[in-house]
Every structure is written in structure tokens, then in C-alpha cells.
Amino acid sequence: MKAAAFDYRSAGSVAEAVALLAEGETRVLAGGQSLGPSMNLRLARPQRLVDVKRVAELRDVAADDAVCRLGAGWTHAEIEDGAMADFSQGMLAQVAHGIAYRAVRNRGTLGGSLAHADPAADWVNTVVALGGTLVVQGPSGQRRVASEDFMLGAFTTALSGDEVLVAVELPRLGAQARWGYHKLCRKTGEFAKAIGVAVLDPGSGLARVLAGAVEGKPVTLPQTAERLREGGPAAALALLPEEAEARLAHLAPNERALRVVAVRRAIEAMAEG
Amino acid sequence: MDGMDQHGPAVAGDGIGARLRRKEDARLLAGRGQYVSDIRIAGMRDVAFLRSPVAHARILSRRKPEGAEVFFLDDLAGVKPIITRSAIPGYKLSEWPVMAADRVRYVGEVVAMCLADSRAAAEDLCEQVEVEYEELTPITSCAAGRAPGAPLLHEHWGDNLFLQTSFDSGIAPVIESAPVKVELELSCARQTMHPMEGKGVVAWWDHRAGQLVVHSSTQVPHVIRAGLAEVLGIPQAMLRVAPPDIGGGFGYKCQLQPEEIGVAWLALTRKAAFRWVEDRREHLVAGANARQHHYKLTAYADTRGRLLGLDAEVSVDTGAYSVWPFTAVLEAAQAGGNLPGPYDFRAYRCKVFSVATNKPPFAPYRGVARPGVCFAIELTIDAIARAVGREAADVRAENLVPGAAMPYVNVTNKHYDSGDYPASLATVREMIGLDAFRAGPKRDAKGRYLGIGFATYTEQSAHGTKVFATWGLPLVPGHDQAHVKLTPDGALEVKAGIPTIGQGLETTLAQVAHEMLGVPIGDIRVTLGDTATTPFSTGAYASRGMVMAGGAVARAAEVVAGRVKAIAAHLLQAEAKDVVFRDGRIHAGAASVSYADIGTAWYIRPEQLPEGVDTGGLEATEGYKPETDNGVFSFASHAAKVAVDAETGHVEILDYCIAEDCGRMVNPMIVEGQTYGGAAQGVGSALFEESPYDEAGQPLASTLVDYLLPGPAELPRFRIRHTETLSPHTAHGIKGVGEGGAIAPAGAIVNAINDALSPLGALLSDIPASPERVLAAVARARA
Ligand SMILES: Cc1cc2nc3c(=O)[nH]c(=O)nc-3n(C[C@H](O)[C@H](O)[C@H](O)COP(=O)(O)OP(=O)(O)OC[C@H]3O[C@@H](n4cnc5c(N)ncnc54)[C@H](O)[C@@H]3O)c2cc1C
């Protein structure tokens, strides 16, 4: 289980990384917590890696009243530890804490997780649940992609081979905001079998409900979210089974049932919190 | 009282019974252990093995890449296949080639050996070897292997059975008359043993000694020496097996490994150094070799739930070949023999099938068959209790062999030597709070279902010569030996052939030597395993080390102690009988000498020695084997309290209590460590670990993403209480305890789950009790 031979370059800037990617046969290396294992299993055989660990721009943080932009290079552990000011009412730190175990969190990054696009990954579900936007840079400059459009399916994204995911823009949650995040997994730090997320910010009017994990893109439940905004958790819970039935029709009944449990518990946690 | 649970009896000082910190931990916990992959030898080259991607196929052709150092079976001139003979009548021999040449029988079977300057480059070579397979129908279950007309793994056998045995004590009258009859069908998943360090071997040629040196991560170095010499066709004197630190064994490293043979052959024929270190993927694929049993049980009882008879059919999914030396059928022999467990009943019929399948060869894993049989009999006891409408703990207590019946010979002729099994059950019943629980709510604030389950077992340890001989092994353990030597400056060297695999033997053997000889524990150095420097031992397995090697160290130390006393008596002008060891010195009355004084007298100033001094000197090699050779029986009861989420199928262990008795504890802290580790593995069997195979014989858990091991967050805080019922048969009344913790958890936990789900009428019968299985059981009950 040793990787096939590859070349290694370390980029000093996003532009440099993009230029190296544009030469072809090159992949971004961030924390290596997904790419490393797949290279060792020889499922991935890039000819060259461009390491973005030392790219300072990937660790920028910028925030205004409505939106916070977080560089893609932050590690799960840094987010867990609150290395940047909290704008999510504790949500990001808590989600980060539930990813894998500390050794993985010390290296794995926000951007790497999103670019890898494992449907069960925590950031994939969280960023979509918050309705975030991804900032991507390629040879012709930066573009912004809505989180719901970024992931095309399991392990595939809207990133092209010469683009680097630079940052994620997420809404600032107000003081009255409530959120619930429920990850169903057998072991602490295991990838999720089902993820339910619910967010409600009365200040901004943001209300989002999401059911995710395993088979493909996370699925949002907009009607349940609308009920959440209008009538609160109890009203949302009343509608949930019906909307889940419709929007998760592609799942086997037992899988769908787990998804509903995860979402219900997320909404309940929000109500309690 | 709870605070006391972790602290059983302890003895002052550093000898037998002391709660002493492990000597080896200073090195192991600081990352200074030296394992196979830490060994560096100039010019050493790396080996990677090409393994079969298919479960069952004829090999049509093999092609090596041009000019590359790739070896097929045909290149290993003179190397014999692994053939494990057994004296058991009806046992069929398998021929396990070191590499497959014309037929592969499991995914992961070695097909080619590739050699390069690094492991990565060797793996590159593996990718370039071309092998053409013609696939055959694989056998992926016992049922498929036993079906009439099944394809055959070893054609000349005529069927797919390594062995079929049957036993009947005469159950017919019970079948006719028993008022209560319960039937169960149970199964235990295939598992992969998970020592932290996988297998690994470095081999080189020692020109000075004229020896092939094999540093293998093995539990049985002296035995491997015999096996390797045989398949390589060289005299044993030409071979030294020297295991370095071993990162766990559990039975996984108790066998002659094809990889070990290949690497040793390279070193032998090329007179240079070679290395192979197993990676986790190879481990999970080619090492999925344990625990898989299937049971069909019918139990007969009276209306109070007293077990009258048990009729059993056990199938062991034995894999493709027989491991050497423990055979393909040790598991079956242990399963049939141990299924009656700690229970007192007289009518037993059992058929055991060892079915050859297209999976890696079955190997004995910590507890050998007993985790499976304990699970089976413990679920049976609970089923009987349900059938007669009584508390399972009461029914269990009434069926256990009572203390007053000891020594007790059970229906399969096991000689239970000592102990009070019902008392251990009563202890955990009280610890876990069964009676208060029964009076309280059956669901928690989150709506989860709560339940308590029990399991009681005996752990046959230090099985003696007689027992192993009846299992027909090609290599029957007899006496274990140890060497003890006082150095000129008064320190003590202890050498034994058993290796240390993480079980603390460097500490416990030092404690035994200290007990006999009084040399301060810090001055005792224990060397283990190396065939060049230690006396013969069959190795570390079957909970035998403390009894056998411990006994040998005690004997050897006793001999040296006698000689030390004789010299001390002379120096102190006293009688030898008045000489005592105390506080790290040797006393007679008010006067004393140091151990260094004795060493100096013997080695440096012999003019100080008494007339007629024993010329054996300050060293001795002695052997030990208990006089009664039937094995000695440790025992324990486990109790688990669980919460079951009937919506997600998740099971949380809320409390876990153990009342265990392994006779005299040489070091209670190490006993607890063994118990924690074993119980953690038992939790793995109960809830997490599984190597499933698909219809094509492909292993579905080939990384640790799919093969779940319990981690610290999944484990309860095990609460342990000890009792010490000495064995009448062994030195110091010691019994073995290395395996026990792993035996009971599946039984206790699944009984607890079934207790929890009783309001829903859901019952689990297969382990691990994964969320999917729990949900399926709930769905079945609702349907
Ligand atoms: C044992 C274990 C358990 C885990 N458990 C969980 C879990 O519970 N939940 C969870 O969410 N995740 C889990 N993970 C995955 C972990 O979170 C990884 O860190 C993450 O998936 C990848 O991040 P990385 O920075 O390591 O990316 P890398 O592995 O370096 O890269 C992953 C992919 O993204 C690409 N990439 C990386 N950064 C960029 C970028 N800036 N722009 C463009 N492409 C980029 C790479 O080219 C590669 O294709 C686990 C991982 C392990 C090893």
C-alpha cells in the first residue's frame, strides 16, 4: 500500500498552484487525509502534486455583517479550536469536532473536504445546509459557485482540473439563530450514515433543513424549512415525513427512515438548544 | 464500593501478587520499542506479494515483467508446501503452497513475490506481473460448502469437510421426556484479528554463525523454527528465529506464514537481507480468518428452566487451507468440547463440521472458539428463561456448576478444578444493579430501550500435554523451560523461549523470579523468544505463559536460590536453612550479604566458597509442566447494561461489570489489563467487527473504513472485581487469564439487547449486532 511514484511541488500562492495545475497531470494536495489514502491504495495516481499547505491566501478570513469568507486551507482542528472569530453561533466548531479524530483533524482541511466531495463528509453537508458559496480560482480568475451547484454527485464537483478552491462564504448567524446538526454514525468520528441539519435565524430570515449522507448530493427540504420559519420546530416536524417521502424517493425505505430520524433529531436539538 | 472495583487484592513488595508497573512500558510507551519494521540492515531489500484478486480460479498463465526480480512457486526450488498433519481420525490434509501456481482458493492468496529496493518499487512490480485466471464457483459459506453437489475445493477429498465429528452422551431419553424445548439458530461473523502491529519478517544470512536469521513477528519462535526448517529443507541448527518486540498477537502470529517462508528463502539462497511488512489492506483481506461459526441448537429443560440436554450442530467456516501447526480443526475441537460451558447438565449431542471455503485459512483467535460457544450457550440460557417465564439471571444461576461440586468433570470430560461460578454471577448481578433495574423504567429519557444481560464462562488455560495430544496437533507442548542466572554483580538474568507479545511477561516473570530469589525487581532482566539465546518453549498462546513459563522460572529460580543460600550460609557462618531473602539482601540472623557478594564469591573469589559447593553455579535451566495436565479453569461472569435506539439500531453500553477469578494473580494490574483488552475485543465481536464476503468470494471490508474496530469512545468503563480461587494443580495456584476477557462480551451484550428489546418482542441471533441487524430484528418483530 505505497503510492505509485509522483512528483511533488509546493506552491507559494494560489496563482502559482493554478499555473502548475494548468500544465496538466497535477492535483492539489491539501491535508492529504483523503488523497493520501487513495494514493496509497493506488486508486488515485496523480503524476504530480501541488501542495497548497503554505499558501497564505487560503487562510484569509474576511467578514461583514452578513457574510463570512473563510479560506479553504483552515484545518478541521483549527475550526474546532476557534482559531478564527465565531460567526456561526458555535456551529462550525461543533461540526469540526465531530469529524474523524484529532490526528485527522490536525491535517484535513475545509477546502479539501469540499473538493473531495464525499457525500457523507460533514463540511459538504454543512456548507449546503447554510446555503454557502464557494470561491474558485482558475487561469482566468475567480468565480463563485453556489454550494448547491458545486457538488455534482458523489466525489464529483464543478471544479475543473486547473482550479483551486480558495474560500467558502457562509452567512453570519445572528444571536437568536438556532441550529441543529445530527450525525448518525456507529463510531465517534466515523463518516456519517445519515446527516440531518436544521438552521433558523429569525434575524436574517434564514431557514434551511437538509438531509444528507452516503449516496449523492445532500438534499435540502425547503418546505420543511419554510414551516420552520413560519411555525417553528413542531410545525416543521409535522411536515418532515411527507416532504422526505417525496424528495428522498430515490432511497430505499430503511435508508430514508434513517435520514428522517437524523433530520428530526437535528430539529429537536435546535428546539432544545 | 465502586471505587474499589478496579483494585482487587494486592500484595506488598514486588513479588507474586504485587500491583507492579510494567517494566517494558518505559520502552514501549515512549515509542522506543523495536518492531520488525524498525530493523535496519545494510542492503536490505523489500518484498511485496502479488495476491489473488479472485476467490476461486485456475491459473492459466503467469508472466513476469522483463528482467524483474519476480518469483513464482516454481522458482522456489526445494520449498515444500505447508501441510498440517493431525492425529484426529477422518481429518483431511490440505496442501497449502507457499505461492499458488495452478489454483487459487481465496482472495489474497500469494501468487508471486516481487523484490525491489523499496516497498513502493516492489508494488510497482506486482502491477506488472500478468496472471490469467479462469474463475471457478466459489464456496462462500458453510451451507454452500456442505450442500450436495457443491464444487470442491480439494477435489480428492470428495467433499468440502476438513473434518466432521460427532459426540453423543446419550441424549435420546431427554429428547423424549423434557417438558421444555427451545430452538435457536445463531451465527458469528468472520473477523480479522487486530494486533496493532501486523505480520512482518526480516531475514538475513549471518555468515559468522552460518545461520539464517529470521526476525519474525511471531508468537511461536521455537515452533516456527521447526516449521520453517522443514519447508525450507534445512537443519534447524542452521536457523535462528529471533522475534523483536511484537505489537500484539492474539493468535494471528501463531502460525507458519507463507510470507515468512518466501522471505526466509530469499535470505537463505541469496545470503542477503530481505524484508516484508504486512500492510492493513493485506491484513484485512488475507487475514480475515477468525471466529465465523454457525449454530443450530435445541435445548431441553424442565419447567423451571433447568437445562437437561443440549443438541447442537456447529459449522466452522474454516477457509481454504489448514494453518500450521494448530490445524484447521482446533477451532472445531474447542467448539464441540466447550459448548456446554460452565453449566451442569449431562445430556449432550454435538455435530461439528469444519467446512473448507474460499476464504483465508482459519486461525485460532484469543479465546479460540469459546467466544462463539459462550455466545451460543448464553443465548440458549436466556431463551430457556424466556420459555419458562423466569428471570434469566436466576435460571443461569441454577444451571451453573455449584462451588460445592468442585472438582467437577463435565459432560465433555473437562476437569473444572476449582471455583464458585454462581458466586461470580451473583457478584456481577449485584454490581450492575439488576434488581433495582427491574423495578425501574425500561426506557431512558431519549426513548431508548434499556436492558441487562449476563454471560458466565470458563477459560481452560494452560491446556496440558494430554489435552493438546487429543486435539491431534502435529506439535504437542510439553514442559516449558527457563534459564536463570545471577551475574557477578548480583543482578539476575531470566531467559525463556516464550516471546512477549504485549502481555507483560517481562514484568510478571521478573516478579516470579523475585518471589523465589529476592533479587530487587529492578535488577532482573528478562530476555524472551530468541531461539539462539533462550531454552525451548512452544510459545505464547492458549493462556499458558504465566502457568508454564512462570512455573519454569519459579523452578529455575528455586534451584539458584538453593545455591545462593548455600554460599550465603558459608559467608555468614550460618545454616542454609536459616538464610532468608529480605529487602534486596540475604540475611541470617542479624548479619547479611548482598547478591553481589554471592556473585563475587562464585565468579571472582572462588576461594571464599564452601567446600563441596554445587558446581552448577549460579545459573540453572529448569522445566515445568503441571502434574495434572488437563488445563486449569479460570472463570468469570460478565454483565452488560445497554441502551438500544430502536430507530437507528445503535447500541450503547451503559455499564459493564466483570467478576473474574484466575487463581493466584501474579500482578493484578496486568490481569486487569488483559481483561480490559480482551473485553474490548469482545465488544468488537458483539457490536462492530465483521469481514463480510459477497457471492463471488470478495471480502467487503478491505480497509478500516469498512472494518470497524471499537475505539475508546465506544468502550464502557469496565468495572472488575477479582476473587482468587487457587488451582490445586499448578505452582502458586496460578491459572491463565490471557484470553478470558474476549470470551463473554458477545453473550452478555446480545442478551442485554434482547432484554432491552423484549417489549417489542425483537430478538437478535447474529453478531455483530450492527444497526442494520438491530433494525431488522425490530422490523421482524413488528411485521
Ligand atoms: C480516518 C478518517 C476519518 C475521516 N472521517 C471523516 C468524517 O467523519 N467526516 C468528514 O467529513 N471527513 C472525514 N474524513 C476526511 C477528512 O475530513 C479529510 O480531511 C477531507 O476529506 C479531505 O481534506 P484534506 O485537506 O485532507 O484534502 P486532501 O486529501 O489533500 O485532498 C482531497 C481532494 O481534494 C482536492 N483538493 C484539496 N484541496 C483543494 C483545493 N483547495 N482546491 C481544489 N482541490 C483541492 C485534492 O486534490 C483531492 O482530490 C476522514 C478521513 C480519515 C482519514
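This one's a predicted model, so the numbers in the text were calculated from it and none came from an experiment. Chain letters run A, B, ... following the sequence lines, proteins first, then strands; residues in each count from 1.
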Shortest non-hydrogen separation from B:A713 to A:T188 and the atoms involved: CB-OG1, 3.0 Å

Chain A heavy atoms under 4.5 Å from B:V705: which part of the residue, side chain, backbone, both or neither? backbone

As an exercise: rank A:A257, A:C185, A:P37 by heavy-atom pairs under 4.5 Å with chain B and give me the winner. A:C185

Do the charged groups of A:K2 and B:D46 touch, with an N to O distance under 4.0 Å? no

Greater than 12 external heavy atoms within 6.0 Å of A:R247's CZ: yes

Tell me, yes or no, whether the heavy-atom count around A:Y101 atom OH, taken from other residues, nucleotides or ligands under 6.0 Å, exceeds 12. no

Checking heavy atoms, do the side chain of A:A194, its backbone, both or neither come under 4.5 Å from chain B? neither

Sort B:L704 into side chain, backbone, both or neither according to what part of it lies under 4.5 angstrom from a heavy atom of chain A. backbone

Please check if atom CD in B:E772 has more than 12 non-hydrogen atoms from other residues, nucleotides or ligands closer than 6.0 Å. yes

Need one label for B:E123: side chain, backbone, both or neither, based on atoms under 4.5 Å from any heavy atom in chain A. both

So, do B:D645 and A:V261 sit near enough that their side-chain heavy atoms are less than 4.5 Å apart? no

Please classify the contact of B:T703 with chain A as side chain, backbone, both or neither, using a heavy-atom distance under 4.5 Å. side chain

Assess whether atom CZ of A:R42 is packed by more than 12 heavy atoms of other residues, nucleotides or ligands within 6.0 Å. yes

For atom CD of A:Q94, decide whether the heavy atoms of other residues, nucleotides or ligands shown that lie under 6.0 angstrom number more than 12. no

Before you tell me yes or no, could you show the steps for A:M1 and B:R119 under side-chain contact (heavy atoms from CB on, under 4.5 Å), namely the whole-Å CA-CA distance, both residues' side-chain angles and the distance that decides it to 0.1 Å? CA-CA 8 Å; A:M1 245 175 45; B:R119 173 65 179 255; 5.9 Å; no

B:R51 atom CZ, over 12 foreign heavy atoms within 6.0 Å: yes

Does the A:R186 side chain pair with the main chain of B:L687, one donor and one acceptor, at a distance under 3.5 Å? yes

Shortest non-hydrogen contact between B:E647 and A:L258, atoms and distance: O-CD2, 3.8 Å

At a heavy-atom separation under 4.5 Å, does B:E127 approach chain A through its side chain, its backbone, both, or neither? side chain

Looking only at atom types and distance, does a side-chain atom of A:K187 sit under 3.5 Å from a main-chain N or O of B:L709, one as donor and one as acceptor? yes

Nearest heavy-atom approach of B:A120 to A:A3 is CB-O, 4.0 Å

